[in-house]
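Following: one structure in structure tokens, then a few remarks.
We number each residue from 1, following the sequence as shown. Small disclaimer: the values here were computed from a predicted structure and weren't measured.
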Amino acid sequence: MNTPSTTSPSSGDQREWDDQSDWVTMSDEHGTRSGGGGLSTLFDLPTMRGFLFRQRYILIATIILSLLAALILTLLATPVYEARSSVRVEPQGNYIVEGQDLAPAITSGQVSQYLQTLGEVIESRKMAELVVGTLNLQNRSDFLGDDVDSNRPEKISDEQWAELKKEMAIAITQGGVAAEIPYDSRILKIRFSSSNPAIAAQLANAYAENFAADDSRQTLANNAYALEYLDGQITETRQRLQDAELAANAYARRNSIVGPTSINADNSYGGEGGQTITALNLAQINASYTEARAKRIELEQKWLAIAGTPARQISAVQNSEVLRDLIGESSTLSANLADLRQRYDDNYPQVQELNARLAELNRQIDQTGADIKAGIRSDFEVAKRQEQALSAEVGRVSRNTLDEQDRRVRYGLLDREASAIRVQLATLLDRYNQISSAENVQTGSITLLDPALKPTTPVSPNLTRNLFIALILGSGLALTIAILREVFDDRLRSLAEVEDRFGVPLLGHTPYLVADDLDDEGSAAHIALMESYSSIALAIHYALPKRHRVLQFTSSQASEGKTTSAIALAEKYAKLGHKTLLVDADLRRPAMAGAYGLDKPQQGFAEVLKGQADIQSVLLPEVHENLDVLPLGTLPADPVELMASGYIRTFIAQYREQYDYVIFDSSPVVGIADAPILSRLVDSTIFIVEANRVHFGQAKAALRRLKAAGANVPGLILTKYRPQEAGQSYGYEYQYYSYSKDA
């Protein structure tokens with residue numbers, strides 16, 4: 001009897017169950033592959049590679065459609081010709097007031113801004129009006145179109161229609177012109193675009209000519225304005241000068257100020273004409289006061305030195321000629337008196353006479369000394385009174401001088417104001433004469449350089465540029481669509497996100513195989529599939545207790561690979577010496593018999609449950625050693641009642657001891673109650689998830705429903721895994737197995 005190609009034996013199936021070293025290695029490898037994930041891997045290379053691979057068709061299709069659209073639009077677009085003229089710009093100022101010409105009107109740092117301003121002037125409505133008026137474009141059918149008059153609105157006057165055509169011409173002209181602002185020169189280029197090459201050249205030249213002419217007109221207007229402005233300023237300044245001079249003279253007359261008004265370096269008034277009388281008087285009195293004060297101090301010190309000294313000890317007394325004569329005479333009399341007293345007593349008349357004369361001389365000496373001392377004090381008192389008198393006079397003259405100084409300061413302000421206005425008037429007159437002389441000969445700052453030539457080739461549409469733009473925009477659109485599809489697509493693709501998002505261990509995964517690989521048992525893909533099921537079988541074996549190996553295989557929806565997985569794992573266990581019972585428990589769409597190439601039997605699992613048939617009579621014949629396959633048989637009319645009855649529990653209890661593994665291939669979870677009911681009776685439920693097909697929300701809901709029914713879910717199996725869809729390289733899945741095969 002034929003067996004399904006997906007379960008054909010491979011060389012890896014011949015190893016013994018107890019030789020577990022390679023199996024552990026394989027299990028660890030799968031565990032390593034399925035690890036990781038989280039936000040840290042959101043923008044890593046595998047994630048981006050998987051995104052591009054999954055969205056490759058939408059990306060390529062969108063970009064190709066964008067390029068095709070650009071190509072078609074380019075071929076259908078009207079050719080546009082562009083003519084260029086150029087003008088030379090020499091920034092310079094029109095100086096009106098003295099002082100503006102000390103620095104350039106436009107500094108080097110402002111040239112770029114100045115050129116930008118000129119560019120906006122070229123593109124302005126004013127320039128468009130000048131060009132339209134110069135070329136009479138509002139009345140030219142070759143510019144507005146041959147059918148312009150046929151589109152004239154009804155009930156509109158000729159004047160209104162002429163004005164409307166002028167507005168149309170201005171709009172077309174303004175829309176077709178553009179100015180190129182240079183970065184390293186002062187040459188402005190004027191571009192005009194039109195479907196008519198002759199009109200493009202004509203309008204480019206008209207723009208350049210009108211732009212230069214407008215600048216010249218503006219220069220002449222500036223000169224005229226400057227003359228008018230200066231004339232008004234001169235008249236006003238003359239009147240101000242007259243008023244200032246009259247005010248200064250009137251103030252001088254009221255305050256009797258005569259003489260120079262300048263201030264000397266020593267802060268005295270007089271200037272070239274000398275000091276004023278008040279200032280000279282103050283200087284002289286100041287000098288006299290200083291001299292008197294010095295004399296008073298000298299005499300005061302002299303008096304203080306002798307005030308407490310006896311008169312005869314004062315040097316001035318001792319140096320007096322009169323006192324020296326009196327003292328000499330007193331000494332002679334004293335000597336004579338001493339001689340007489342040696343011979344006579346005091347009553348002797350001559351002795352008495354000498355005593356009287358000697359007393360008179362002493363009195364005269366004392367009186368003369370006192371008079372000299374009194375004279376010194378008198379000199380001090382006189383000097384003191386003189387100093388006081390001069391101090392009072394200095395104060396009076398100082399006040400007069402300060403008053404005069406205040407008046408002269410005010411007069412000086414008035415006089416300086418008049419002088420400043422006089423200088424200003426002279427400057428204005430000089431500037432007026434300069435501008436008046438150059439009024440009609442001064443040129444503008446813009447001159448024509450190169451006229452525009454009639455273009456021979458169109459500048460638009462540009463196929464290369466349009467295709468490049470379409471490529472950029474198409475790539476952006478394609479990327480946006482792809483990202484939106486990726487955001488709203490929650491299908492499971494990578495190994496890491498299965499454990500991260502479900503919170504259930506990943507028992508293993510199987511690669512995606514095409515039909516040819518399924519039929520070719522010797523292909524690398526088929527060998528990889530069998531090796532993956534070997535790894536899954538080992539993972540399930542170690543995840544379950546020894547005596548609790550009644551398993552249910554289910555999925556969220558049909559065609560996810562649960563039947564293939566159930567058959568492959570049942571055959572793996574059987575070939576490794578474990579007696580295994582494989583039951584087709586899908587009571588709605590049985591597939592077990594068809595998987596083995598047999599017709600659907602008349603009796604099977606449903607009849608065995610009801611006791612209508614013996615299990616040995618309905619098993620598929622000649623499958624594999626140690627493997628019994630129980631197909632469904634007739635579809636039951638009441639699958640839910642049959643599943644909820646006690647038949648299943650009795651069946652499991654009866655055959656648990658006879659088989660090492662009892663594997664149920666049940667129906668999907670979504671929309672059907674069979675799998676949740678059966679999950680409460682079996683030891684474990686293996687949940688199958690198909691990569692790149694099942695949505696996470698659907699699978700999560702199915703898994704939640706199983707757990708709500710009390711199912712024990714030891715792990716998941718990810719089937720039909722595509723490494724490239726997950727961002728891995730093409731040979732990622734088969735590197736280990738190809739190495740094993742080559743060895």
Side-chain angles (χ1 to χ4, degrees), residues 57-87 116 119-125 127-132 134-153 164-182 188-208 210-211 450-482:
Y57 296 117
I58 192 66
L59 291 173
I60 295 174
T62 304
I63 292 175
I64 291 177
L65 289 177
S66 300
L67 293 175
L68 288 176
L71 178 61
I72 294 173
L73 292 176
T74 300
L75 296 177
L76 296 178
T78 302
V80 176
Y81 296 87
E82 182 180 88
R84 297 189 180 191
S85 60
S86 60
V87 294
Q116 185 70 35
E120 294 183 3
V121 170
I122 292 174
E123 298 173 359
S124 65
R125 176 182 173 85
M127 288 302 303
E129 290 178 351
L130 291 176
V131 172
V132 169
T134 301
L135 300 179
N136 194 25
L137 297 177
Q138 68 270 23
N139 297 320
R140 290 177 53 175
S141 59
D142 60 339
F143 182 75
L144 296 178
D146 295 333
D147 57 346
V148 60
D149 290 327
S150 61
N151 295 325
R152 175 176 176 173
L164 183 58
K165 289 199 298 181
K166 182 179 180 181
E167 291 296 326
M168 293 169 55
I170 292 174
I172 296 174
T173 303
Q174 189 176 5
V177 71
E180 284 188 12
I181 309 300
L188 269 175
K189 294 182 179 180
I190 302 174
R191 297 185 286 110
F192 195 88
S193 302
S194 174
S195 58
N196 188 326
I199 290 180
Q202 185 180 15
L203 266 72
N205 289 326
Y207 257 101
N210 280 273
F211 184 50
D450 291 327
L453 301 178
K454 181 179 178 181
T456 57
T457 57
V459 295
S460 176
N462 189 317
L463 180 60
T464 303
R465 181 182 61 189
N466 292 348
L467 290 178
F468 178 75
I469 295 174
L471 178 62
I472 299 299
L473 297 179
S475 299
L477 177 62
L479 189 60
T480 302
I481 296 174

Completion exercise
Applying salt bridge (charged side-chain N to carboxylate O under 4.0 Å, His left out) to E129 and not counting sequence neighbours gives R125
Exercise for the section: Tell me, please, which residues at least two apart from K165 pass salt bridge (charged side-chain N to carboxylate O under 4.0 Å, His left out). Expected result: D149
Exercise for the section: To the nearest 0.5 angstrom, please state how far the CG atom of L130 sits from the CD1 atom of I170. Expected result: 9.5 Å
Practice task
Search all heavy atoms of V177 against all heavy atoms of E123 and return the closest pair with its distance.
Solution key: CG1-CA, 4.1 Å
Practice task
Could you tell me which non-hydrogen atom of Y207 sits nearest to which non-hydrogen atom of I122, and how far apart they are?
Solution key: CE2-O, 3.3 Å
Completion exercise
Applying side chain to side chain contact (heavy atoms under 4.5 Å, CB included) to E120 and not counting sequence neighbours gives Q116
Problem - Sequence neighbours excluded, every pair satisfying side chain to side chain donor-acceptor pair (under 3.5 Å) that has a member inside residues 73-87 - result: T74-N466, E82-R84, E82-R191, R84-E180
Handout entry: Qualifying side chain to side chain donor-acceptor pair (under 3.5 Å) pairs, either residue in residues 134-148, two or more places apart
Key = T134-N210, N136-Q138, N136-N139, R140-D142, R140-Q202
Sequence neighbours excluded and cut-off under 3.5 Å, please list the side-chain donor-acceptor pairs for residues 450-462, or say none.
unit_1 : atom_1 : unit_2 : atom_2 : d
N462   : OD1    : T464   : N      : 3.1
N462   : OD1    : R465   : N      : 3.0

Give every donor-acceptor pair under 3.5 Å between a side-chain atom in residues 57-68 and any protein atom, sequence neighbours left out.
unit_1 : atom_1 : unit_2 : atom_2 : d
T62    : OG1    : I58    : O      : 2.6
S66    : OG     : T62    : O      : 2.8

Practice task
Test side-chain contact (heavy atoms from CB on, under 4.5 Å) on F192 and T173 and set out the steps.
Solution key: CA-CA 8 Å; F192 195 88; T173 303; 4.2 Å; yes
Problem - side-chain contact (heavy atoms from CB on, under 4.5 Å) evaluation trace for L203 with F143 - result: CA-CA 10 Å; L203 266 72; F143 182 75; 3.7 Å; yes
